[in-house]
Amino acid sequence: MKINNWIKNNQWLLLILSFAAFLRLYRVDFQSIWLDEILTMNDANPKLTLKEFYDGIMFWEFIPHLYFLLVKFLFEIFGYTTVVARVFSAFIGIVGVYSMYLLAKEIFNKNAGLIAAALLTVNIFHISFSQEIRPYGMLFLFTVLAFYRLVIFIKKASLKNAIYYGFFAGLILNAHFFGFITLFAQYLLLLFFLIQSTKETRKTFFINSFVSGIVTLIIFLPAYEAFVRVSEIQSFWLQKPGQDAITKLFNEFFGNSELIVFVIQFVIIFYVINVFKLKEQKADYLGILKNKLLFCFIITSVWLSVSIIIPLLRSHLDVPMILSRYFINILPAIILIISAGLYLIKNTFIKKTIIIILLILSLIDLFAISKYYHTIRKSQFRELTNEISQKNPDNVKVVAYWSWLFPYFFQNNPAIQIEGKSLEDYVKGLINNTIKKEPFWYADANSRPFSLSEDQQKYLNENFDLIEKLEYYDAWANYYEPKNAVKMLDTENLDLKIFKPVSFDGNGNMMIFENSNIRSSFVFLEKGSYKLIINGNSLPEKPINNENARLKVKINGNEIGNFELSEFKNKSENSFKFIHKSEEKIRIQLIYDNDLAQNNLDRNIVIYSIKIIKE
């Protein structure tokens, strides 16, 4: 009965949360994981021991362990896939919408909470980080919950509320170290309300505030060593921000949509006007709590001021740190102000109209203008490496600048060697004969375009053939083979191991167990007329449904034969003629397309030898 009553009284909230879930789960794995997400996948690998996990975070990340530990735990239960990790981030985002409702409701009322939750539901910035395998959605969530519990504590400074607040404040620090700035803002608010409190309540307020600090410290302790490491940073890859850095940050929060920002600015101006119109009153503790608008102004102004001024000053005076995702912890303050502005509109029709306009504009931007769910925005590591795997049957080594990232994508093919070098350094090694001249892939991504000096490009052109050229969004790869490779003899038994993918029996015979598209590595021939001879037979000895295994044979994509193999070894030789018109490489392709398993019989192929004879 209680559940039914709750559902009946919270239908709008459930509708908002359901839509928030849809927007965060829809096409959740559409984008390839990019550099930082690949690091997360490596850091949270379920095969790592806890010590290896901890050491990996300490080496690679400047972020506490909590998010990565939870992801690792989920991988162990549900499997090591990007979908599992992204659904977890989406879940955090959905809870973030609910927490936004709680905060606005606690400061104003239920309607303001619903407005805040609805605005956050369609916010493209929050959606994007709810679909990313990084802890920024968690930073947002714990920031909102900490402020929610802080507001409750300020209203009633009990020991229970102090412990709740201290717990969530500690979780902020375990999500991201930008949480220290948020915590500083919250402690300033505690100090302000301590000063405003009456003499009778001041001692209790102080003691319970101190208890909350102890709880925060205890929760923070597991992240202490990581905090020490991040505090030692002397330089960073970010550049010093320009004078419009905060304006750009604000616009990015709303997808850089001019129309959305235009409407929001008017709502914020209306909020500020109402704040300025507040009548003079005695600014005592109870007076502030009773005046919801004044209370909201104090909370959000300290929250925003501290969270913006400290990073801005440090960015100009010491280490640059202005990056939009680091500031996701101020987005809820902005949403709260917008919600307050809308809540303050007395005319219900006007209020609903502006809310609907904002929601519609946000959805239009999501689906029609920015096309968030159908536009590639992240470096396509996944698509690039998938195609390299498909076009690399010989397991030729892959050279990559991001050599510590690529192994994640080739973990199912450990035979592929990953060598860490930039293309410039690799070519320099080839020129200096410190690197062996052999076939290689070079792959790069994440704002690293193809770049070679004129001399290096000339060397490649003269000594290598560019066989494959792959291009994806912010990701690319080239496959090179040396020129003037050793030519085959006029008559030669091919090494069956140059064919992939295949299996071999104990005698070195090629075994084909299922429908396959098998390709050889490239071999070189002089021009002329040739005969390709395949010595093999179909298994089992008795044909299945009066049909033996069938092979189609292609050379450089051109079919030269299509035949059924005999089930008898003494009738197993099949020959096909072809003409090679120029002195260049060839690739042999064997296509098996009629595999069948029936009545405990399985149709397979065994190949004993493949020869090429010049006529």
Side-chain angles (χ1 to χ4, degrees), residues 32-36 38-39 42 60 235-239 376 378-410 413-488 498 500 519-525 556 582-587:
S32 168
I33 52 175
W34 68 291
L35 188 146
D36 283 8
I38 301 169
L39 277 179
N42 288 336
W60 290 110
S235 62
F236 206 42
W237 59 271
L238 292 172
Q239 301 297 315
I376 300 297
K378 297 182 179 181
S379 306
Q380 290 184 287
F381 282 92
R382 178 180 61 196
E383 291 75 10
L384 181 73
T385 51
N386 283 344
E387 188 166 358
I388 290 175
S389 294
Q390 293 169 7
K391 294 186 174 181
N392 190 16
D394 305 321
N395 295 327
V396 173
K397 72 175 176 181
V398 177
V399 183
Y401 177 80
W402 304 108
S403 59
W404 59 94
L405 301 177
F406 277 81
Y408 167 77
F409 297 100
F410 296 113
N413 194 355
I416 294 180
Q417 175 191 351
I418 311 293
E419 184 171 336
K421 278 185 174 61
S422 67
L423 182 57
E424 298 93 323
D425 289 341
Y426 192 80
V427 175
K428 188 184 297 182
L430 289 169
I431 294 172
N432 297 334
N433 291 320
T434 58
I435 295 177
K436 182 181 177 182
K437 190 187 295 184
E438 60 185 351
F440 72 95
W441 285 89
Y442 183 82
D444 221 330
N446 200 58
S447 302
R448 288 184 53 82
F450 181 91
S451 176
L452 281 179
S453 69
E454 187 176 336
D455 289 341
Q456 289 176 328
Q457 184 62 65
K458 182 180 178 182
Y459 172 84
L460 270 187
N461 293 341
E462 291 176 349
N463 293 274
F464 285 83
D465 289 320
L466 177 58
I467 307 300
E468 294 281 0
K469 187 177 179 67
L470 309 181
E471 292 186 0
Y472 288 91
Y473 180 81
D474 195 28
W476 59 274
N478 291 341
Y479 174 55
Y480 296 96
E481 285 189 349
K483 292 184 176 180
N484 303 319
V486 177
K487 292 185 173 71
M488 290 177 52
I498 70 172
K500 307 284 184 181
R519 299 190 299 173
S520 73
S521 57
F522 285 107
V523 291
F524 288 79
L525 291 179
N556 287 353
S582 59
E583 202 168 286
E584 61 179 18
K585 62 188 177 300
I586 67 164
R587 171 170 273 171

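Pairing each heavy atom of Tyr459 with each of Phe464, the nearest pair is CE2-CE1, 4.1 Å. What you find for Lys378 and Tyr473 is that their closest heavy atoms are O-CD2, 3.4 Å. Listed here is the closest heavy atom pair of Ser32 and Glu383: CB-OE1, 3.3 Å. Pro393 and Arg519 get closest at one heavy-atom pair: CD-NH2, 3.7 Å. Of all heavy-atom pairs spanning Phe410 and Thr385, the tightest one is CE2-O, 3.8 Å.
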(request) Evaluate the criterion side chain to side chain contact (heavy atoms under 4.5 Å, CB included) for residue pair Tyr479 and Leu466; output intermediate values, then yes/no. (result) CA-CA 6 Å; Tyr479 174 55; Leu466 177 58; 5.8 Å; no
(message) Apply side chain to side chain contact (heavy atoms under 4.5 Å, CB included) to residues Ile33 and Phe409 and explain how you reach the verdict.
(response) CA-CA 11 Å; Ile33 52 175; Phe409 297 100; 3.9 Å; yes
(message) The test is side chain to side chain contact (heavy atoms under 4.5 Å, CB included); show your working for Phe450 and Asp444 and say whether it passes.
(response) CA-CA 8 Å; Phe450 181 91; Asp444 221 330; over 6 Å; no
(message) With side chain to side chain contact (heavy atoms under 4.5 Å, CB included) as the criterion, how do Leu470 and Lys391 come out once you've worked through the C-alpha distance, each side chain's angles and the decisive distance to 0.1 Å?
(response) CA-CA 10 Å; Leu470 309 181; Lys391 294 186 174 181; 4.0 Å; yes
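For Ser403 (side chain) and Ile418 (main-chain N/O), no donor-acceptor pair under 3.5 Å exists by modelled atom type. Not a single donor-acceptor pair under 3.5 Å links the side chain of Asn392 to the backbone N or O of Ile388.
Within the model, atoms CG of Leu39 and CH2 of Trp402 stand 9.0 Å from one another, a figure rounded to the nearest 0.5 Å. Rounded to the nearest 0.5 angstrom, Ser379 OG and Leu384 CG are separated by 10.0 Å. Between the CZ atom in Arg587 and the CD1 atom in Ile467 there is a gap of 9.0 Å [rounded to 0.5 Å].
Residues Phe440 and Tyr426 bring their aromatic ring centres within 6.0 Å.
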